[in-house]
J.: 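Can you read through this structure? Questions will come right after.
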Amino acid sequence: MTPSILVVGERLSGHLTSATREAVGVALALAGPEGSVVGFLAGSSLDRSVTEFGELGVTRIRTREDPRLDAAGAGAIAVSVVASAEAVSASVIVTGGTEFGRDLTGRLAVRWSAAVANGVTEATWADAGGLRVLRPVYGGRATETRRLTGSRIAIAIRPHAFAEPTAGAAVAIAEPDAGPEIPDPLLAARRTEVAAAGVSAGPALSDASIVVSGGRGVRDANGFRLVEALADSLGAAVGASRAVTDAGWRPSSFQVGQTGKAVSPQLYIAVGISGAIQHIVGMVSSRVIVAVNNDSSAPIFRVADYGIVGDLFQIVPALTKEIRRVRGLPAG
Amino acid sequence: MEIAVLIKPVPEAETRLRARTDGTQLDAEGVKFVLAGYDESAIEQALLLREATPGSKVRALAFGPAPRTEEVLRAALALGVDEVTWVESPAEGADDPGVVARALAFALARVPHELLLGGKQAGDDEEGLVTAAIAESLGIADFGSVVNLRVDSASGSLTFQRATEEGVESWTAPLPCAIALQQAWNDPRTAKLPNILKSRKMPIAKIPWAEVSAALGEAARPRSVAERFELPPARTGAKMIEYKSPEEAAETIVRLLREEAKVFP
Amino acid sequence: MPDFSLTPEQESLRDLARKFARTEMAPHAAECDKAGRFPEEIYRRGWELGLMNLNVPTEYGGSGLSVMDQCLIVEELAQGCGGMTTSIIANCLALEPIILGGTAEQRAQWLTPFCAEYHLASFCLTEPGGGSDAGALKTRARKEGDHYVLDGEKCFITNAPHASLYTVFATIDPQLGHKGITAFIVPRDTPGVAPGKDEDKMGHRASSTSTVHFEGVRVPVANRLGAEGEGFLMAMRTLDQTRTPIGALATGIGQAALDHAAKYALGRRSFGKPIAEHQAIQIKLANMVQSIRAARLLTWQAAVTIDRGERGSLESAIAKCYASDAAMHVADDAIQIFGGYGYMKEYPVEKLLRDAKLTQIYEGANEIQRIVISKELLRAYA
Ligand SMILES: Cc1cc2nc3c(=O)[nH]c(=O)nc-3n(C[C@H](O)[C@H](O)[C@H](O)COP(=O)(O)OP(=O)(O)OC[C@H]3O[C@@H](n4cnc5c(N)ncnc54)[C@H](O)[C@@H]3O)c2cc1C
Ligand SMILES: Cc1cc2nc3c(=O)[nH]c(=O)nc-3n(C[C@H](O)[C@H](O)[C@H](O)COP(=O)(O)OP(=O)(O)OC[C@H]3O[C@@H](n4cnc5c(N)ncnc54)[C@H](O)[C@@H]3O)c2cc1C
């Protein structure tokens with residue numbers, strides 16, 4: 001089998017997004033040595049991103065030069081995507097799991113009559129034919145395996161579920177694609193403004209998808225700042241054990257536990273918290289729990305998925321730094 | 001304005017999830033289904049627009065099996081939706097997003113819809129692509145993760161914002177148009193007791209699956225198969241990170257979170 | 001009955017009450033309990049949603065619910081906060097004499113405003129000199145022309161400081177015993193009506209309870225409910241209607257105690273395992289479930305009997321008495337399962353015990369319920 005896979009490129013400030021880079025990785029893996037991966041770009045000033053596709057090992061890029069598509073909805077872009085997919089006889093279209101990507105996949109379900117899935121964390125060819133995908137469902141409380149059948153499949157992958165490819169540089173060739181005319185109703189909407197996402201006060205504790213909590217191990221109110229810096233690097237909400245709120249290092253609204261707030265984020269990081277039952281009942285339903293504690297017998301490690309035994313004053317700053325690095329944030 | 005809202009029955013948040021004995025899907029036996037939180041936001045938005053634009057009507061549509069689908073439609077009526085349509089689902093393949101979208105698009109031929117509203121995603125399967133797929137069927141534009149939706153009464157067009165990876169985008173879009181709303185930026189109302197009682201006696205328009213499948217033909221065929229539904233294994237104690245320096249510990253944990261646990265945004 | 005399944009309509013009523021209890025009552029329960037605060041904003045919101053005046057017929061704008069439906073709602077509310085529930089359902093108690101004994105004009109005049117706007121009403125039967133022996137009440141009603149003049153004092157009156165209307169039971173002649181008791185509708189703003197200060201209570205601290213003084217209170221004859229001397233029967237028939245929902249209230253408190261205890265038992269460890277794996281705890285939990293389920297079934301049975309049009313004095317007495325005793329021992333067991341934590345106010349279970357206690361006392365103390373029950377029993381064998 002020599003599958004042809006189309007990767008829909010998305011750009012942010014003129015560069016391919018990390019979501020697209022991850023999508024390229026997925027596509028390359030699916031194509032294998034026999035198959036081919038083709039990039040797709042729409043909008044204006046596409047050259048730089050054509051080159052970037054090449055750097056990831058994708059050498060053939062269908063381009064639709066049309067300034068109207070710089071700020072168009074997925075509906076308008078889907079028209080060209082389908083035309084390009086047909087032109088290269090693609091059987092799979094992969095996009096990053098961004099707002100746009102998820103939207104596009106929905107459009108392709110009908111426009112391309114594709115079998116579709118969003119939020120994909122694993123994708124492999126199925127012996128029975130088609131693509132087998134794994135996706136977390138119910139807020140990460142379960143996973144679903146689906147087999148997407150037929151010769152037209154479109155998936156949006158889950159952000160950061162896949163590594164970016166490291167393929168060496170290659171020269172990419174743009175193949176301009178005139179494509180069909182885009183129906184007016186799909187272009188009638190206008191984007192009037194884009195405001196950079198402001199620095200927010202951080203999400204509310206009870207519904208944050210990531211929570212970083214600190215305990216007595218931080219030693220004093222000042223030490224708790226390490227916890228907050230880590231939370232900041234993740235865009236996470238900040239929590240605390242009762243030892244912290246009782247000591248007045250932080251207000252009681254931070255308290256997680258039996259008599260504080262119950263949280264169930266995707267990721268809970270417990271820093272310098274021993275794991276008393278009163279604390280655990282408030283966070284045990286988190287999907288993934290990481291604990292940092294210098295006592296290897298601390299009960300928190302019984303409920304954690306990942307444990308780091310060590311001095312939080314060393315581990316936490318290193319972790320904050322690493323996260324800022326991988327998330328492309330300026331060093332704090 | 002004619003507003004159509006897409007709604008879906010989903011298991012109550014505190015449901016204990018369990019797989020069917022064949023392991024392919026959620027076991028729905030004894031599960032209580034409710035209106036999805038995102039859909040409550042969508043209904044709230046529709047009702048606010050109706051209040052702001054006299055002469056408007058809000059209609060809700062849902063695709064799914066009895067009795068849960070009827071129940072969420074009644075919940076919508078109790079909240080103040082004017083009319084509701086139940087599109088019956090087939091016994092198999094009802095979870096295929098393409099099938100859902102096509103069936104609802106078929107039903108929308110009978111339901112006036114200048115503005116089509118949906119939730120961002122359903123909270124169960126989290127596909128979040130049905131609104132876009134329906135919009136494609138109808139040949140109209142769609143926008144996801146929308147907040148602050150307003151109708152400009154002078155021009156009759158919509159203004160709204162979207163929170164995307166790029167930041168907060170402001171848009172204007174003419175009708176007709178499909179919008180998938182972000183949850184929780186409006187505070188959905190709670191149905192009042194007398195309205196709950198009234199909703200029990202209101203009619204529900206039903207479109208049987210036989211009619212949908214006859215009309216759609218080949219397009220009504222599911223294009224995906226549910227193979228497995230799994231719950232995460234019980235915790236057996238933490239995987240301890242081995243390291244020589246704090247930096248190494250940090251790198252390892254970040255890598256594991258991304259690649260193994262797949263939680264890291 | 002005996003098909004115990006609920007209709008979809010009943011499920012949706014229960015869902016509404018559950019949502020209100022969880023999202024609007026429970027988050028404030030501990031704070032109101034601690035401060036003894038009467039959270040009027042929550043009651044107002046409950047009114048907006050139609051959770052007050054459940055028994056008022058629809059023609060006056062009420063919900064006109066069956067006793068069964070009321071019980072489903074009250075059990076859910078009680079899981080949010082027992083005290084708030086007492087205050088929310090006090091209108092049902094206060095307005096029931098008007099529903100049962102009012103003329104068409106009286107009902108239209110006095111029931112409609114409660115459904116059109118948020119108002120509270122209080123049921124004034126108990127007096128400092130005695131509650132159980134209602135036939136011996138002392139508050140006097142003297143007829144003067146087209147008015148009655150009321151003098152006396154009522155005590156332990158729910159919502160009295162906040163109510164705009166009182167249904168008052170007074171005697172036209174103490175010599176007549178219960179045959180002299182007559183019911184009156186008394187607006188709060190009538191000169192001579194004076195509610196006392198809020199009592200400091202053991203439980204139900206989000207509810208408000210006080211005395212009400214009546215001094216030379218002139219009430220038009222048109223405000224008399226039924227004929228002179230019909231008041232006692234009206235009070236008893238009112239309590240026959242409202243006693244069953246108290247069974248539901250107690251069931252709700254017990255259910256809340258069980259929920260807390262079971263969750264805690266799974267998490268708390270001793271001797272190397274969760275305490276839920278110790279048989280002594282398992283047996284406690286099993287007994288708790290049985291009591292609560294029995295309480296619920298007895299309550300439903302009483303409700304269905306009354307909804308069939310029977311008086312249901314026996315069934316409602318059994319339900320209220322059994323459910324309140326069950327709530328008491330289940331809350332007690334819950335505290336025991338929590339150990340020392342259960343004794344701390346920071347945890348929710350000690351409040352449940354304090355709240356459960358009232359259900360054995362008000363709307364007819366359990367001793368009185370047992371007298372009623374045994375009288376009925378012996379009559380069948382005599
Ligand atoms: C009625 C009642 C209700 C309660 N409710 C709650 C509640 O809701 N929430 C709650 O959290 N607690 C609650 N508690 C308190 C609970 O029992 C514990 O006392 C509390 O959780 C302990 O907080 P901690 O883990 O931060 O402190 P500790 O138990 O003191 O743990 C501190 C941890 O930090 C580690 N540490 C110290 N220094 C370092 C370092 N340099 N690097 C790494 N690790 C370090 C230690 O090894 C230790 O494990 C309640 C208690 C009672 C009695
Ligand atoms: C928080 C609260 C709210 C209340 N709300 C209201 C309200 O809104 N309206 C209202 O009218 N009343 C209300 N009550 C009053 C309540 O109904 C009475 O307290 C109750 O009926 C008991 O009356 P009592 O307190 O006078 O006790 P008593 O009648 O003095 O009884 C004392 C004890 O003796 C027992 N006893 C009495 N007679 C007998 C007997 N013959 N045989 C065996 N034992 C007997 C009783 O069971 C009790 O254990 C409320 C009370 C409380 C505490």
Side-chain angles (χ1 to χ4, degrees), chain A residues 12 73-75 98-99 102-103 105-107 109-111 115-116 118-119 121 137-138 141-150 159-161 183 185-186 188-197 266-267 287-288 290-291 301-310 314-315 318-319 322-323 326, chain B residues 17 97-98 101-102 123-133 135-137 139-145 162 164-174 177 223-231 235 237-241 246-247 249-251 253-254 256-259 261-265:
Chain A
L12 194 58
T98 56
E99 293 296 339
R102 294 151 44 103
D103 203 350
T105 311
R107 307 278 322 193
V110 171
R111 181 156 204 99
V116 293
N118 264 348
T121 57
V137 290
Y138 294 96
R141 287 156 65 213
T143 53
E144 172 194 73
T145 307
R146 288 188 88 74
R147 190 159 58 82
L148 308 180
T149 60
H160 307 298
L186 299 180
R190 274 181 308 116
R191 188 167 72 178
T192 53
E193 194 191 322
V194 183
Q266 295 289 311
L267 173 61
R287 187 158 93 78
V288 176
V290 175
F301 290 124
R302 265 212 303 265
V303 297
D305 298 280
Y306 298 101
I308 303 180
V309 178
Q314 292 182 10
I315 302 288
L319 190 53
E322 173 69 3
I323 289 166
V326 299
Chain B
L17 303 174
R102 287 186 177 85
D124 54 350
D125 59 24
E126 300 185 349
E127 288 280 20
L129 34 66
V130 166
T131 310
E136 183 66 41
S137 293
I140 61 179
D142 78 286
F143 299 90
S145 295
R162 306 179 59 197
T164 68
E165 293 74 9
E166 280 187 65
V168 180
E169 309 178 355
S170 301
W171 287 78
T172 57
C177 171
R223 285 158 174 75
S224 63
V225 194
E227 289 190 332
R228 284 182 76 74
F229 182 88
E230 288 165 299
L231 301 177
R235 292 201 163 88
K239 179 184 237 177
M240 292 304 198
I241 309 295
E247 289 71 29
E251 274 164 36
I253 188 79
V254 167
L256 288 171
L257 286 175
R258 292 192 139 201
E259 291 170 16
K262 306 199 184 245
V263 277
F264 206 61

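To find a chain, count down the sequence lines: A is the first, B the second, and so on, and within it residues start at 1. The shown structure was predicted, so the numbers you read here are calculated from the model rather than taken from an experiment.
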J.: Under a 4.5 Å cutoff for heavy-atom pairs, which residue among Val130(B), Thr172(B), Ile241(B), Val254(B) has the most contacts with chain A?
T.: Thr172(B)
J.: If you count heavy-atom pairs under 4.5 Å with chain A, which of Cys177(B), Ala226(B), Ala173(B) comes out on top?
T.: Ala226(B)
J.: Could you list the residues that satisfy side-chain hydrogen bond (donor to acceptor under 3.5 Å, both in side chains) with Arg102(B), not counting sequence neighbours?
T.: none
J.: Just so I understand: if I count every heavy-atom pair under 4.5 Å between each of Gly73(A), Ala142(A), Pro185(A) and chain B, which residue has the most?
T.: Ala142(A)
J.: How long is the gap from OG1 on Thr143(A) to CZ on Phe229(B), to the nearest 0.5 Å?
T.: 8.0 Å
J.: Which of the residues Gln314(A), Arg190(A), Arg302(A) is involved in the greatest number of heavy-atom pairs with chain B at under 4.5 angstrom?
T.: Arg190(A)
J.: What's the spacing between Glu193(A) CD and Glu169(B) CD if we round to 0.5 Å?
T.: 10.5 Å
J.: Could you check which of Pro174(B), Gly144(B), Ala249(B) has the highest count of heavy-atom pairs closer than 4.5 Å to chain A?
T.: Pro174(B)
J.: Is there a donor-acceptor pair under 3.5 Å between the side chain of Thr192(A) and the backbone N or O of Ser170(B)?
T.: yes
J.: Which one, Glu136(B), Glu247(B), Arg223(B), leads in non-hydrogen pairs under 4.5 Å with chain A?
T.: Glu136(B)
J.: How far apart are the closest heavy atoms of Leu186(A) and Ala141(B), and which atoms are they?
T.: CD2-N, 3.7 Å
J.: If you compare all heavy atoms of Arg191(A) against all heavy atoms of Trp171(B), which two are closest, and at what distance to 0.1 Å?
T.: N-CE3, 3.6 Å
J.: Ser224(B) side chain to Arg147(A) main-chain N or O, any donor-acceptor pair under 3.5 Å?
T.: no
J.: Nearest 0.5 Å, what's the CD1-CD distance between Ile323(A) and Glu251(B)?
T.: 12.0 Å
J.: So what's closer than 4.5 Å to chain A heavy atoms on Leu256(B): side chain, backbone, both or neither?
T.: both
J.: Keeping Arg287(A) on the side-chain end and Ala261(B) on the backbone end, is there a donor-acceptor pair under 3.5 Å?
T.: yes
J.: Compare all side-chain heavy atoms of Arg107(A) with those of Asp142(B) and state whether any distance is below 4.5 angstrom.
T.: yes
J.: Measure across Ala133(B) and Val110(A) and return the closest heavy-atom pair with its distance rounded to 0.1 Å.
T.: O-CG2, 3.2 Å
J.: For chain B, which of Ala188(A), Ala318(A), Ala109(A), Ala189(A) has the most heavy-atom pairs under 4.5 Å?
T.: Ala189(A)
J.: Rounded to the nearest 0.5 Å, what separates atom CD in Glu227(B) from atom CD in Glu144(A)?
T.: 10.0 Å
J.: So, taking the atom named CG in Asp305(A) and the one named NZ in Lys239(B), what distance separates them when rounded to the nearest 0.5 Å?
T.: 10.0 Å
J.: What distance do Leu257(B) atom CG and Gln266(A) atom CD have between them, rounded to the nearest 0.5 Å?
T.: 12.0 Å
J.: Checking Ile140(B) against chain A: side chain, backbone, both or neither under 4.5 Å from a heavy atom?
T.: backbone
J.: If I compare all heavy atoms of Arg162(B) with all of Asp103(A), which pair ends up nearest, and what's the gap?
T.: NH2-OD2, 4.5 Å
J.: Select one option (side chain, backbone, both, neither) describing which atoms of Pro183(A) are under 4.5 Å from chain B's heavy atoms.
T.: neither
